[in-house]
Amino acid sequence: MEKYIPYGHQWIDDEDINEVVKVLRGDWITQGGKIEEFEKAVVDYCGAKYGVAVCSGTAGLQAAYLAAGINSGDEVIATPLTFAATANTVVCCGAKPVFADIDENTLNIDPEEIRKKITDRTKAIVSVDFAGHPCEYEEILEIAKQNNLLVIEDACHALGGEYKGKRIGSFADMTILSFHPVKAITTGEGGMVLTNNKELYEKLKRIRHHGIIKRPEKGNWYYEIESPGLNLRITDFQCALGLSQLKKLDKFISRRREIAEMYNNAFQNIKEIIIPKEKDYVKSAWHIYPIQVQGNDRRKVFEHLQEQGIGVQVHYMPVHLHPFYRKRFGYKEGDFPKAEKYYQRAISLPLFPKMSNQDVEYVIQSVEKII
Ligand SMILES: *Cc1c(COP(=O)(O)O)cnc(C)c1O
């Protein structure tokens with residue numbers, strides 16, 4: 001059988017390609033005008049004030065923690081159910097990720113668990129909108145306010161999602177997006193940090209570009225290093241792709257929602273399958289469709305689906321169970337029982353806008369057969 005359906009895939013058309021080629025034929029392939037144009041377009045879409053485009057979502061997280069002043073000895077409260085980057089970048093700042101268990105319904109960090117983890121070293125909460133389902137921002141922001149913490153939203157799954165009628169991008173102090181090919185829109189590699197705070201915005205821009213500030217009053221060549229920074233820049237041709245992709249974002253999200261609906265309808269009455277839920281006050285961006293299989297051997301189901309040419313994945317092994325996190329911070333099995341229980345049973349099914357109804361049906365039938 002030659003059929004293969006990946007779990008996620010970009011959708012790039014001739015219009016996208018033409019926009020990239022136009023930039024490549026011009027003078028500025030990096031540090032030109034397309035970057036600001038893309039930042040402005042994403043900021044307008046998300047209802048935020050400022051955007052800083054960077055070379056990946058991971059770079060965005062790193063820049064956000066640096067801008068927040070996260071440093072050695074600090075603690076950042078995070079969900080264990082996320083991609084490694086959310087926590088790794090905390091460790092790269094010299095700080096400690098302190099995990100707080102998930103709510104098993106939304107699979108997002110549980111605000112009550114956050115409260116229990118706050119110490120006098122806590123500097124920030126990083127929330128991850130798992131599978132594209134926004135977290136409980138009303139509660140999280142309240143907790144942050146009471147305890148004088150920053151909220152950093154890892155929205156790498158959630159571009160195009162909504163919470164209580166508002167698009168994600170302006171709830172947290174900083175919101176991080178990823179434009180990796182499996183995400184809502186792509187620039188190849190890429191990311192962005194959104195903020196409403198001018199001071200954080202200025203810091204983010206400096207961190208992206210070596211910590212440099214220009215001082216033309218001392219000469220047009222003159223600059224100073226204000227703080228250590230990196231090169232986290234994205235290119236103009238990537239931003240041209242991003243601008244073209246952004247025009248299709250609403251269409252992409254609608255299609256993702258359609259496919260999720262097909263899966264929901266097919267699986268909601270199968271007692272061996274727990275489907276991902278969507279609260280009625282959010283609109284999920286449906287980055288992934290993770291089912292939980294109960295009363296079945298997950299590995300067997302997973303491998304069977306793979307053999308059928310279905311690119312299933314597991315999102316994610318909880319971060320605290322990785323060898324580095326066990327060794328460095330002493331985390332162990334049993335620390336976060338809800339995230340671990342979810343992990344034992346999770347399988348993400350293919351979900352991307354270009355997927356045909358026929359492919360969705362094929363996945364549904366394959367899952368029904370093995371269950
Ligand atoms: C994809 C992703 C990232 C990292 O984004 P990259 O662009 O791949 O660096 C971070 N956090 C989450 C939750 C992600 O899904």
Side-chain angles (χ1 to χ4, degrees), residues 6-10 38 42 51-66 70 76-93 97 99-100 102 106-109 124-135 140 151-161 168-169 172 174-194 204 207-208 230-235 238-239 241-242 245-246 252 256 276 284-290 313-320 322 325 339 342-343 346 348 351-352:
Y7 91 92
H9 199 266
Q10 72 275 18
F38 183 43
V42 174
V52 178
V54 289
C55 54
S56 70
T58 305
L61 286 162
Q62 179 84 59
Y65 296 139
L66 288 171
I70 306 294
V76 176
I77 299 177
T79 172
L81 188 60
T82 184
F83 182 55
T86 317
N88 275 349
T89 42
V90 171
V91 181
C92 288
C93 291
F99 298 110
I102 58 167
T106 61
L107 305 172
N108 282 331
I109 196 164
I125 300 163
V126 55
S127 55
V128 177
D129 305 317
F130 186 78
H133 189 294
C135 295
I140 292 172
V151 178
I152 296 170
E153 177 180 353
D154 179 342
C156 289
H157 291 188
L159 174 59
I168 65 97
M174 287 178 274
T175 302
I176 291 91
L177 306 173
S178 164
F179 309 124
H180 181 276
V182 298
K183 306 292 165 77
I185 59 168
T186 191
T187 58
E189 300 282 0
M192 197 176 291
V193 187
L194 306 176
L204 289 163
I207 290 160
R208 172 174 65 180
L230 296 152
N231 173 1
L232 303 179
R233 297 190 305 264
I234 188 169
T235 65
Q238 287 174 295
C239 289
L241 177 55
Q245 286 263 298
L246 188 64
F252 288 169
R256 283 180 179 277
S284 175
W286 287 110
H287 166 57
I288 51 174
Y289 191 88
Q313 293 276 327
V314 172
H315 298 96
Y316 300 92
M317 176 164 115
V319 179
H320 71 283
H322 284 285
Y325 285 87
Y342 161 82
Y343 166 62
S348 298
L351 172 52
F352 52 95

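Counting convention: from 1, in listed order, for ligands and their atoms alike. Predicted model, so just to flag it, every value in this text is computed and none were measured. Note: hydrogens, waters and symmetry copies are ignored here, and every other heavy atom, side chains too, is used. Residue numbers run from 1 in the order of the sequence given.
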- request: At a heavy-atom distance under 4.0 Å, which protein residues reach ligand 1? Sort them by chain and number, would you?
  value: S56, G57, T58, L61, T82, F83, A85, T86, V128, D154, C156, H157, S178, K183, G190, Y316

message: Could you walk me through whether I185 and K183 satisfy the side chain to side chain contact (heavy atoms under 4.5 Å, CB included) test, starting with their C-alpha distance in whole Å, then the side-chain angles of each, then the deciding distance to 0.1 Å, before giving a yes or no?
response: CA-CA 6 Å; I185 59 168; K183 306 292 165 77; over 6 Å; no

task: Go through the steps to decide whether R256 and L351 satisfy the test side chain to side chain contact (heavy atoms under 4.5 Å, CB included), and finish with yes or no.
output: CA-CA 7 Å; R256 283 180 179 277; L351 172 52; 4.1 Å; yes

field: Which residues share a side-chain contact (heavy atoms from CB on, under 4.5 Å) with C93, sequence neighbours left out
entry: Q62, Y65, L66, I70

- prompt: With ring centroids as reference points, do F38 and F179 lie under 6.0 angstrom apart?
  reply: yes

query: Does any non-hydrogen side-chain atom of V76 lie less than 4.5 Å from one of P97?
result: no

query: Is the side chain of N108 donor-acceptor paired with the backbone N or O of F130 at a distance under 3.5 Å, no angle test?
result: yes

